[in-house]
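To keep things clear, I will list the structure first and then write my remarks on it.
So that the names make sense, note that chain A is the first sequence line, chain B the second, and so on, each numbered from 1. Side chains are part of it too, since the values below use all heavy atoms of this structure and drop only hydrogens, waters and symmetry mates.
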Amino acid sequence: MTATQQYWLMKSEPDECSIDDALAAPQRTVPWTGVRNYQASNFMRDAMHIGDGVLFYHSSCPEPGIAGIARVASGVKPDPTQFEPDSPYFDPKSKADDPRWLLLDVQALRKTRLLGLPELRTVPALAGMRLLQRGNRLSITPVTAEEWAVIEGLLR
DNA sequence: GCCAACGTTGGC
DNA sequence: GCCAACGTTGGC
């Protein structure tokens, strides 16, 4: 156990799962369903570890931004919604013995004030954040230790 | 609702 | 393996 803690930003639509929803869940933990992008999925499979820090981001909503702090709470497992025909995340190409999509559990730690996207863009130290790069659409992006520290400072 | 940006699909 | 067409994301 030598891996140092890493940091991530994970987008969730608050209509589906807000930071309040996550905090209200059993163990404050929710399965991160619905990732349907290989880059994001590969982050979960190859790079994310239990205990990593997570910025809980609200997207596709009136006020997009960081809404809370969470942690990675499990390793990867198959995302069951890919096998559910009635789910919006159903993937007919997925086979039970060869799932295409993974998830891991995320445990909410605390709600923060909303650190909105416009405010994030004003912080020079965050100019390089993956989230803020032009055209970024990834639902899971790495956050550097420096960026994490700056954001913790803004949320204090 | 618009649209820029990006990822995926599938014909060749 | 290329690349045009199409679908999706997500801020505005």
Side-chain angles (χ1 to χ4, degrees), chain A residues 6-25 29-48 52-73 76-144 146-148 150-155:
Chain A
Q6 301 181 93
Y7 304 96
W8 307 93
L9 181 141
M10 300 178 79
K11 294 182 187 173
S12 181
E13 300 188 16
D15 283 352
E16 274 195 53
C17 182
S18 68
I19 184 69
D20 291 318
D21 295 332
L23 284 167
T29 298
V30 290
W32 207 261
T33 55
V35 173
R36 295 293 180 271
N37 170 285
Y38 283 111
Q39 271 190 76
S41 194
N42 291 342
F43 281 141
M44 292 196 287
R45 186 191 63 195
D46 301 332
M48 296 174 77
D52 282 359
V54 172
L55 300 171
F56 197 112
Y57 182 91
H58 285 176
S59 70
S60 294
C61 58
E63 284 193 290
I66 294 164
I69 303 291
R71 65 188 281 276
V72 175
V76 285
K77 33 199 173 181
D79 180 346
T81 63
Q82 69 195 302
F83 304 120
E84 297 168 5
D86 294 336
S87 167
Y89 299 123
F90 178 61
D91 185 344
K93 294 180 182 167
S94 274
K95 301 263 185 100
D97 57 353
D98 185 22
R100 302 177 90 196
W101 306 113
L102 304 170
L103 61 70
L104 42 69
D105 291 336
V106 173
Q107 181 178 40
L109 297 178
R110 66 187 175 97
K111 186 176 183 174
T112 64
R113 77 176 175 91
L114 189 95
L115 181 46
L117 186 56
E119 181 177 351
L120 289 169
R121 292 197 188 282
T122 67
V123 183
L126 298 179
M129 252 189 114
R130 185 81 171 262
L131 171 77
L132 304 180
Q133 301 315 300
R134 170 187 167 81
N136 165 69
R137 291 190 315 175
L138 264 187
S139 63
I140 300 176
T141 49
V143 173
T144 67
E146 292 77 13
E147 291 160 355
W148 179 273
V150 169
I151 287 163
E152 288 237 295
L154 293 170
L155 291 172

In this structure, CG of A:L154 is separated from OG1 of A:T122 (nearest 0.5 Å) by 8.0 Å
Going by number, which of residues 55-70 of chain A have a non-hydrogen atom under 4.0 Å from DNA chain C?
A:Y57, A:S59, A:S60, A:P64
Sequence neighbours left out, what passes salt bridge (Lys or Arg N to Asp or Glu O under 4.0 Å) with A:K111? Give chain and number order.
A:D20
Would you mind reading off the distance between A:M10 atom CE and C:dG10 atom P, rounded to a whole angstrom?
13 Å
C:dG10 C1' sits how many Å from A:Q133 CD, rounded?
16 Å
For a quick check, with a 4.0 angstrom heavy-atom cut-off, what is the B/S/- contact string for nucleotides 2-7 of chain B, read 5' to 3'?
---BBS
OP1, OP2 of C:dG10 versus side-chain N and O of A:K11: anything below 4.0 Å?
yes
Could you tell me the separation between the CG atom of A:L114 and the P atom of C:dG11, rounded to a whole number of Å?
12 Å
Strictly distance-based, threshold 3.5 Å: is any side-chain N or O of A:E147 a donor or acceptor partner for the main-chain N or O of A:T144?
yes
Roughly how many Å is it from CG in A:L131 to P in C:dT9, rounded to a whole number?
16 Å
Residues which pass side-chain hydrogen bond (donor to acceptor under 3.5 Å, both in side chains) with A:D91, listed by chain and number, not counting sequence neighbours:
A:R100, A:W101
According to salt bridge (Lys or Arg N to Asp or Glu O under 4.0 Å), who are the partners of A:D21, at least two apart in sequence or on a separate chain?
none
Rounding to a whole Å, what distance do you find between A:L132:CG and C:dC12:P?
11 Å
Sorted by chain and number, sequence neighbours left out, salt bridge (Lys or Arg N to Asp or Glu O under 4.0 Å) with A:E119 holds for A:R113
Is it the case that the side chain of A:Q6 and the backbone of A:A47 share a donor-acceptor pair, with hydrogens and angles ignored and the cut-off at 3.5 Å?
yes
With respect to the side chain of A:R121, which nucleotide from B:dT9, C:dG10, C:dC12 is positioned closest?
C:dC12
Does A:T29 reach the main-chain N or O of A:D105 with its side chain, forming a donor-acceptor pair under 3.5 Å?
no
Below 4.0 angstrom from OP1 or OP2 of B:dT8, is there any side-chain N or O of A:K93?
no
Is a donor on one side and an acceptor on the other found under 3.5 Å between the side chain of A:D79 and the backbone of A:L103?
no
